[in-house]
Amino acid sequence: MSEKRIPLSTGELASLTQQYPTPFHLYDEKGLRENARLLQRAFAWNPGFKEYYAVKAAPNPYLLTLLKAEGFGGDCSSLPEMVLCDKVGITGEDIIFTSNDTPAYEYAKAKELGAIINLDDLSHIAYLEEHVGLPELVCCRYNPGPLKGGNVIIGKPEEAKYGFTREQLFEGYRQLRDKGVKRFGLHTMVASNELEVDYFVETAQLLFDLVGELSAELGITFEFVNLGGGIGIPYRPEEEAVDLLLLGERMRALYERCIVKNGLAPLDIRLECGRMVSGPYGWLVSRVLHKKETYKNYVGLDACMANLMRPAMYGAYHHVTVAGKESAPCDYLCDVTGSLCENNDKFAIDRLLPQVEIGDLVIIHDAGAHGHSMGFNYNAKLRSAELLLRESGEVMQIRRAETMDDHFATLDFGGLKQFSV
Ligand SMILES: *Cc1c(COP(=O)(O)O)cnc(C)c1O
């Protein structure tokens, strides 16, 4: 079981909405930091361990600054994500650039920043060399194909667009070695929102074995393996969080057996988790605007899928509670909707909630990763503010809500004067 609560009382939340109108995203510094420390503790046995927070999960400079203070780097997949890291002092090899279908100017920026470049395809070796030049350190992304089962969000590895095949990896590292690259890493990411410890241990086994084979065949040394992100969180109250300390212990045993015994140590373990790091420590807070009872019951919020797209995008479950009614019986069957002109704009379908009233504050849980950042402007919906609950209890705004001027900023209305039709 995982408890679904927000670290503010109903009264505190209500007064917060006086200052910051709903909807908004709220993050909890204390929860974020404690969780970050737990992850560091789980892998403290590996001196070179580093978590590269997947910036796309919550690209906010204040959150990144907190995570940097806990020793995390940044995993980026676009130029603005790298620039964001650089702006908060996550620099050089504390950035890993794991992109795909990458334009040359993004590789150029990664090289300029001294970021670790993680190549997605064999053909990108020549592309990188031609357009940018090869850096001293290169990592390649492995796609194990049928050797590994996938899961819903990422899909089956052999149908995923990412990474090199096994044969291509041997060819790729050979080319890199022959072209003078000196330092090597190996990466994979085959799951998303996975809750089973075994899954990650098996993935690590796959990479550890491959490091052994590649090193033996090519006479190269690997500095790190990056297991990607994908550690899941218990979106449903009946699910259990991944036991990070157990995961760390299991990895340690495997490392002893596959890496230390085979003379491949030291090998740094790297992760790129986003969801597990911040997901449970963020909430989307909104208010009930309307109730509608037709063929079904609808609870209409002032938030919509522009604020949190996961339920509409992949039918993802997000737990929903009503502030002040946490212990009331859940006997009102309804769909919880937003205002977009799309019928999939629903945060929950056929959900049992307490008797909801117009004006109630509705809390959508586990919105701290892939929440605000997945927002968009379809239907000219504006993205909401982000707030941070500090450890001191103070709440600060870490991103203001979008305004109509922001939305129109890319349009030139003045040009209409010369536009004759
Ligand atoms: C999205 C992504 C991550 C983070 O995934 P989570 O499920 O948030 O842990 C890490 N690495 C890469 C390459 C990704 O695309």
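All values below were derived from every heavy atom in this structure, side-chain atoms included, with hydrogens, water molecules and symmetry-related copies excluded. Order of listing sets the numbers, starting from 1, for every ligand and every atom in it.
- Residue D198 qualifies as enclosed at atom CG: its count of foreign heavy atoms under 6.0 Å is above 12.
- Residue K56 places at least one N or O, backbone or side chain, under 3.5 Å from an N or O of ligand 1.
- Assignment of M276 to the shell around ligand 1 is not supported, since no heavy atom sits closer than 4.0 Å.
- Interatomic distance, NE2 of H319 versus CD of E238, reported as 9.0 Å (0.5 Å rounding).
- Taking 4.5 Å as the limit, some side-chain heavy atom of L264 sits within range of a side-chain heavy atom of S215.
- Under the 4.0 angstrom criterion for non-hydrogen atoms, G230 is in contact with ligand 1.
- Ligand 1 has no atom lying under 4.0 Å from any heavy atom of G228.
- Ligand-side atoms of ligand 1 in range of S192: 7 (O), range being under 4.0 angstrom from any heavy atom.
- Backbone and side-chain nitrogen or oxygen atoms of H187 are examined, and none is located within less than 3.5 angstrom of a nitrogen or oxygen of ligand 1.
- Under the 30°/60° scheme for interplanar angles, the aromatic rings of F24 and Y20 are found to stand perpendicular.
- If you check which protein heavy atom lies closest to atom 5 (O) of ligand 1, you get M189 CE, 3.5 Å.
- Separation of the F222 and F208 ring centroids does not fall under the 6.0 Å cut-off.
- Taking a cutoff of 4.0 Å between a charged side-chain nitrogen and a carboxylate oxygen, E136 and K182 do not qualify as a salt bridge.
- The protein atom (non-hydrogen) at minimum distance from atom 12 (C) of ligand 1 is E272 OE1, 3.4 Å.
- Applying the 4.0 Å criterion to heavy atoms of D75 picks out, from ligand 1, the atoms 10 (C), 11 (N), 12 (C).
- Only the side chain of A54 comes within contact range of ligand 1, with a heavy atom under 4.0 Å; no backbone atom does.
- Ring centers of W283 and Y27: at least 6.0 Å apart, outside the cut-off.
- Residue H370 has at least one heavy-atom neighbour below 4.0 Å for each of these atoms of ligand 1: 6 (P), 8 (O).
- Using a 4.0 Å heavy-atom cutoff, C273 is listed among the residues neighbouring ligand 1.
- With Y235 as reference, R275 is the one residue of R275, H318, K4 to meet the side-chain hydrogen bond (donor to acceptor under 3.5 Å, both in side chains) rule.
- When heavy-atom distances to ligand 1 are checked against a 4.0 Å cut-off, R141 comes that close only through its side chain, counted from C-beta outward.
- Salt-bridge formation is detected for the pair E70/R33: a Lys NZ or Arg NE/NH1/NH2 atom is positioned less than 4.0 Å from an Asp or Glu carboxylate oxygen.
- Both the backbone and the side chain of R275 come within contact range of ligand 1, each with a heavy atom under 4.0 Å.
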